[in-house]
Structures are given as C-alpha cells and as structure tokens.
2 protein chains.
Amino acid sequence: MKPARTSPGRRTTIYDLAGLAGASPTAVSAVLNGTWKKRRISESTAARILRIADEQGYALNMQASGLRRERSHLIGMIVPKYDNRYFGSIAEGFEVMARARGLFPIITCTQRDPDLEIQAARAMISHQVDCLVATGATDPDRITELARAAGVRSLNLDLPGRLAPSVISDNRGGAKALTRRILAASEPARGAGEPLLFVGGRPGDHNTAERIGGFRDAHAEAGIAVDEELILAAGYAPEKSRRALEDLAARRPRLPAGLFVNSTISLEGVLQWSRASRHYGNHAPHIGCFDWDPLAAVLTENIVMLQQDVPAMLARLFDLVDSEETRPGVSEIPTRFAPV
Amino acid sequence: MKPARTSPGRRTTIYDLAGLAGASPTAVSAVLNGTWKKRRISESTAARILRIADEQGYALNMQASGLRRERSHLIGMIVPKYDNRYFGSIAEGFEVMARARGLFPIITCTQRDPDLEIQAARAMISHQVDCLVATGATDPDRITELARAAGVRSLNLDLPGRLAPSVISDNRGGAKALTRRILAASEPARGAGEPLLFVGGRPGDHNTAERIGGFRDAHAEAGIAVDEELILAAGYAPEKSRRALEDLAARRPRLPAGLFVNSTISLEGVLQWSRASRHYGNHAPHIGCFDWDPLAAVLTENIVMLQQDVPAMLARLFDLVDSEETRPGVSEIPTRFAPV
DNA sequence: CAAGTTTGCTCCATCGGTTGAGCATCGTTG
DNA sequence: CAACGATGCTCAACCGATGGAGCAAACTTG
C-alpha cells in the first residue's frame with residue numbers, strides 16, 4: 001500500500017482514506033463509485049468509508065479515473081461567440097442536457113477563428129472528451145478528421161459537415177417563410193414589384209447561402225425579381241452591415257422598404273444606420289430578422305423575428321449522442337416565429 | 001516496452017510512436033514536450049519522432065500527463081447565465097486571456113442555481129483544474145472551501161467572497177454616478193423633490209445592495225428622500241420586474257419619470273411593461289441601466305447605460321492568477337458610461 | 001466433521017506519460 | 001592507452017483509480 005500523506009493542502013487520495021478507514025484502496029474505490037455491492041463490501045465498511053471521505057472533503061481524481069476507465073465523462077462543445085442569444089441558449093441548453101446524462105459539459109468559444117477552432121478541438125481531444133460538438137464551425141470536417149484520428153466521436157451543430165452527423169435549422173424554409181412575411185408587411189410601402197434588401201452573414205457560409213436561397217424562393221413565388229446588388233453579405237459584425245448599407249445608400253437614392261436581416265448582430269448595424277442616416281425618415285423600415293433577441297423584439301417597430309428552435313435542435317443532437325450515430329447526415333429542424 | 005497497438009480507432013500512444021520510430025517511450029515523450037534538448041536526444045531522432053507523430057495524428061493524453069505532472073493546465077470558470085452581454089464578454093475575454101497563458105479554459109454555466117454551482121465546482125475540482133474562478137456565484141465562500149480542501153486555488157469575480165481574492169465592479173460608485181445622471185436627465189419631467197424608481201436585482205445579493213446604496217447616496221446628495229416603496233428588487237428575470245411594476249402601478253396613479261434599472265435582463269421587463277401599459281403615454285421614461293446591451297443602447301430613447309469594465313476586471317483577475325495570490329481581498333474596478 | 005459455498009475483503013497489473021538515475025559508446029586528453 | 005567527459009539513449013518508478021483474480025474466515029450442508 002502506498003503511504004498515506006495528509007500534509008495540508010495536499011489532495012486527499014483513496015490511499016489516504018484507506019489508511020484512515022483501515023481498509024484497502026480497492027475497497028475505498030468500490031464504495032465511492034458505487035460498485036461496492038457487486039464487490040461484496042459490507043454495509044458497515046461502506047458507511048465508514050463514506051463518512052471518512054465526507055469528513056476529509058475527498059474529491060475523486062478524474063484524470064486518474066478517466067485514464068484507467070478510458071472514459072472521461074466529458075463532452076466538449078465549440079461555439080463561435082457568446083454575443084447573442086442564439087449561441088447563449090445553445091450553450092445553456094447543452095449544459096443542462098449533458099449534465100442530465102452524467103456528462104460534464106465543457107464549452108469553449110473560438111471567436112469565429114478557424115485556427116482557434118482547430119486548436120480548441122485538439123485541446124479537447126487531448127483532454128479525452130467522450131464526444132465533441134462543433135457548433136457553427138468554419139471547417140467542421142477538419143475537426144471531424146482530427147477527432148476521428150483520436151477515436152473521438154464528433155457531431156456538428158448549426159453548420160453542417162460532410163463527415164459527421166449534423167443538426168441545423170431549416171435555413172432555406174425559414175428564410176422563405178420570413179421573406180414572405182416581410183414582403184407582405186412591406187407591401188404598402190414598397191413600390192410594385194420592388195424586391196427586398198438582404199443584409200448580413202458571410203456568402204461562403206452554408207447558412208447564409210441557404211437563407212439567400214429561401215429569400216430568392218419567396219421572391220420567385222411572388223413574381224418579383226431579386227436585385228443582386230441588394231444582397232449584402234459582407235460579414236456578421238455590426239459595422240460591416242452598417243458600412244455596406246452606407247455604401248449602398250450613397251449609390252442609390254432610395255433603398256427598399258423591406259429588409260431581411262441575417263442575425264441580431266447584423267441587426268445592430270442595420271438599426272444604427274437607419275437611426276443615424278434617417279434614410280427612412282420618421283417611418284421604420286419593415287424588418288425580418290433571421291434570429292431572435294428579446295430586447296430587439298420589444299423595442300423595434302415593424303419587426304418580425306424568426307427563432308431557431310434551440311430545444312428541438314439540442315434534443316436531436318442528444319439523440320445522436322445517445323444512439324452513438326457516426327454516419328454523416330443532416331437533420332434540418334424547422335424554425336418558428338418569435339411571439340410578439 | 002509495452003506492445004504497440006495500431007488497431008484502427010484506437011488512440012495512438014507514445015508507445016506506438018516509440019515502436020514506429022525505433023526509440024523508447026521516454027525519448028518520444030521528451031521530444032513531444034520539448035524537453036529533448038535537456039535530455040540530450042539527437043536532432044535527427046527528434047525530427048524522426050516529430051514526423052511520425054504528425055503522420056499518425058498523435059494527440060497527447062492530457063489525463064495521463066496531468067496525472068503524472070499533478071498539473072492539468074485547465075482553468076475553470078463558473079458563470080451564472082449566457083443571456084446577456086456582460087457575462088458573454090466575461091466568458092469570451094476569460095478564454096482569450098487563459099489561452100494566452102497556456103491554460104485551457106473550461107467554462108460552465110450554472111443558471112444562478114446554488115446547488116448546480118456546487119456540483120459544477122466539485123466536477124471542476126475533480127477534473128483537477130489548476131485554478132477555479134467563481135463568477136457571480138451565490139455562495140462563493142462555499143466554493144472556496146471546497147477548492148481549498150482539494151488544494152485548488154479559487155478566485156471570485158463579479159460577486160465578492162470573504163475567503164478568496166475577489167474582483168468586482170465599483171457598484172456603489174457606479175450606481176451613484178448613474179443615479180446622478182438619471183436625476184439630471186429626468187429633472188424637467190420629475191416633480192420637485194420626487195425620487196427615482198429602482199427596479200431589478202436581488203436584495204440579498206451584494207451587488208444589488210451596493211447599487212441601492214449608491215442610489216441612496218445620490219439622492220441624499222441631491223437632498224431628495226428615497227421612497228422605500230419604490231425600490232423593487234424582486235429578482236433579475238424580466239417577468240419579475242414587469243410584475244413588480246404592474247403591482248406598483250395598480251397602487252399608485254403615477255410612477256416616477258426616472259428609473260434605475262439593475263440589469264439588461266430587468267430592462268427587458270421594464271420596457272415590456274412601459275410599452276404595454278403606456279404608463280408614460282407618448283413619452284419615454286428616463287432610464288439609467290446598470291449594464292450594457294448594444295441593441296438597447298441603439299433602440300431606447302432617453303437611456304443611459306453603465307458599462308462594467310470587463311477588460312479591466314479580467315486584467316486584474318489574471319494578475320491574481322499570475323501572482324498566485326490567495327489572501328482574501330476585494331478589488332473594485334471603476335465602471336464607465338457606454339458611448340451613445 | 002469434511003467438503004463446498006458464501007462473505008468480505010486485498011493484491012497487483014494496468015491506463016499513458018513523465019522523470020531521476022543510469023548505462024553504453026564515442027571522442028578527447030595527458 | 002588508460003582515464004575522463006560528453007553524447008545519446010533506456011530503465012523503472014510513479015501519478016491515483018480501477019477491476020480481475022484470489023484468499024482467508026465464516027457459514028452451510030450431507
């Protein structure tokens with residue numbers, strides 16, 4: 001038996017507890033992880049060990065346990081940003097559902113930086129996560145490859161990958177429904193046959209491309225030609241949308257009365273511009289936002305907000321976690337309109 | 001030497017690499033963690049090992065490494081919610097600064113639930129974090145005790161504790177400055193000597209208590225008596241603030257023209273109520289918010305938002321991390337007004 | 001009361017990486 | 001050419017928890 005060290009500050013181990021309880025480390029381990037009945041440890045010994053563990057404030061060393069068991073009970077998630085309610089609720093919901101399964105969630109935010117995503121994925125793999133979820137990742141397939149090489153399962157959320165199961169919103173369907181609503185609401189203010197403006201997102205990004213697709217679908221359905229110059233997908237940051245609008249307004253005297261805004265972050269830039277420029281005078285433009293924020297919903301006139309169904313997305317994600325599915329495939333979750 | 005297993009899906013270990021490189025696991029380990037010069041491994045062997053490690057997509061097993069070294073290079077943080085920009089920017093900034101120090105940040109969100117806080121702290125301690133930061137924790141001292149028992153350093157952020165170093169905002173000073181501004185802005189609309197309304201937060205919570213203190217200070221300075229019935233600290237959730245306002249408005253015909261709102265989350269409820277009730281008719285009440293949100297800043301009239309200085313708070317926090325300070329003590333970081 | 005079963009425990013190898021100690025081999029120096 | 005240092009590596013113990021195998025004592029059964 002290893003010598004018990006009870007020097008202060010030093011972590012208590014099962015060897016220390018074994019010494020104090022007059023039992024073997026094996027017995028202590030069995031009692032602490034609940035396998036003591038199977039291992040025929042007596043009720044009284046178990047009680048004694050538990051009491052001593054509690055007195056000593058014992059905390060299991062998960063590094064040692066995980067090393068031996070080859071399971072960490074960690075589940076990792078990579079998220080791009082914490083600056084909006086969508087990723088915030090994904091993070092919160094993910095943690096609740098992970099804990100309900102006895103997994104410890106670790107989430108890390110990678111600032112939409114591809115290198116940081118890879119670095120974070122590597123770190124999580126090194127820490128032996130049992131499963132890795134890449135949310136809104138720039139290059140999810142790269143992460144899947146890294147994970148696979150280390151025998152770690154990976155899943156994609158929000159943006160799809162080709163190598164692992166993916167759960168995303170029905171971006172095209174949602175964008176089409178949203179565009180229909182903006183077209184209807186802005187009808188009186190729009191010139192006949194005048195198309196809407198699309199603002200925000202990155203054109204290379206799958207979600208933005210799909211949403212532009214839905215935007216086109218709804219225009220086609222209404223018999224309105226899309227004006228290619230009115231598709232401003234210059235990035236998600238507020239300033240990028242604002243600048244794109246300023247540039248466009250400099251070239252055109254009058255912008256459409258209806259706007260499709262691709263995220264609340266882009267909405268920030270749109271509203272800054274519309275307030276500052278007074279382009280729409282005393283009227284508010286008709287806005288449809290593919291994203292939801294409660295303050296924007298309360299404060300903005302003529303806005304309709306589409307909410308991605310985060311609980312349903314996470315439910316599907318954890319179905320995949322539970323079923324140990326590894327084959328690629330995309331689950332598209334319907335969106336809904338936020339209550340006004 | 002242990003047998004090399006290259007069965008597919010199985011993780012590659014240094015023993016596998018050693019077999020492939022015709023070297024010992026010791027050499028491989030030394031090369032991979034950079035101590036190979038000190039250990040007099042030749043340049044050529046090092047290069048060979050690195051190449052093979054790369055080819056095999058080797059990922060270090062941090063559980064094993066951490067176990068042996070008694071350092072995990074993990075730094076944990078507990079955060080209450082992800083539903084506002086304040087905690088969002090704390091999380092993002094914390095991750096950046098942790099990574100800059102070679103630490104891997106793991107953040108977990110505990111929904112302002114005291115039990116969950118303790119459970120999460122225990123889990124992080126079990127995973128051997130090198131340092132644990134409790135942000136906005138209900139009972140930070142409990143967490144410090146748990147951490148101390150396991151020989152883990154802990155720090156408090158946003159809410160102070162009595163057992164570990166704490167970094168918080170200058171709540172009282174900030175609240176006083178904010179109250180002054182609301183008093184000034186609402187002057188024309190307020191009756192002479194009429195006090196402001198305080199909405200949001202939990203009265204038991206240190207920050208809320210301090211902010212009410214600053215609120216009182218500014219009133220005293222202006223020679224205005226605070227009306228105790230006008231201090232509504234019923235919780236942070238939007239509905240709680242809304243209901244408190246509805247109840248109060250049912251009892252009083254006219255509420256103050258100036259409001260001190262304790263967070264953006266409470267602001268949501270305040271604005272819902274003010275829109276729905278039309279209590280202020282066509283005028284917007286004068287609001288000062290102890291918290292910042294860009295959409296609220298753009299969209300709300302007559303609002304002034306106080307911003308907690310997250311970068312400065314984190315800089316101070318990591319000073320404490322770096323200096324290995326463990327003695328209790330509170331660092332109060334000045335707040336600032338958000339640009340309009 | 002011998003043989004077999006059950007009870008209550010312990011021994012020891014193991015997970016993968018790290019590190020102090022040590023051991024050949026080679027080149028240099030007196 | 002013996003002695004010595006430098007070079008380039010390997011051995012084996014160890015971190016803490018786990019679990020298969022096994023062992024002594026108590027109890028049951030024929």
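A note on names: the letters A, B, ... follow the listed sequences, proteins ahead of strands, and every chain is numbered from 1. A quick note: this is a predicted structure, and the numbers were derived from the prediction, not measured.
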Any side-chain donor-acceptor pair under 3.5 Å between [X] and [Y]?
X	Y	result
B:R99	A:Q119	no
B:Y86	B:D158	yes
A:T45	A:S42	yes
A:S331	A:R316	yes

So how far off straight is the helix from C:dC1-D:dG30 to C:dG30-D:dC1, going by the axes through five pairs at either end, to 10°? 60°
Below 30° counts as parallel, above 60° as perpendicular, anything between as tilted: where do the rings of A:Y82 and B:Y82 land? parallel
Does a side-chain N or O of A:T13 approach OP1 or OP2 of D:dG16 to a distance below 4.0 Å, or not? no
Classify the side chain of B:T26 versus the base of C:dT18 as yes if they form a donor-acceptor pair under 3.5 Å and no if they do not. no
Determine whether any donor atom in the side chain of A:T45 lies under 3.5 Å from an acceptor atom in the base of C:dG8, or the reverse, and answer yes or no. no
Within residues 32-44 of chain B, the residues having a heavy atom closer than 4.0 Å to DNA chain D are B:R39, B:R40, B:I41, B:S42
Where is the tightest heavy-atom contact between B:P160 and B:N207, given as atom of each residue plus distance? CD-OD1, 4.4 Å
How is A:S65 classified with respect to the nucleic acid when contacts are heavy atoms under 4.0 Å: base, sugar-phosphate, or nothing? sugar-phosphate
For a quick check of understanding: with a heavy-atom distance under 4.0 Å over all strands, which category does B:S29 fall into, base, sugar-phosphate or nothing? base
Test: salt bridge (charged side-chain N to carboxylate O under 4.0 Å, His left out). Region: residues 111-127 of chain B. Which pairs qualify, not counting sequence neighbours? none
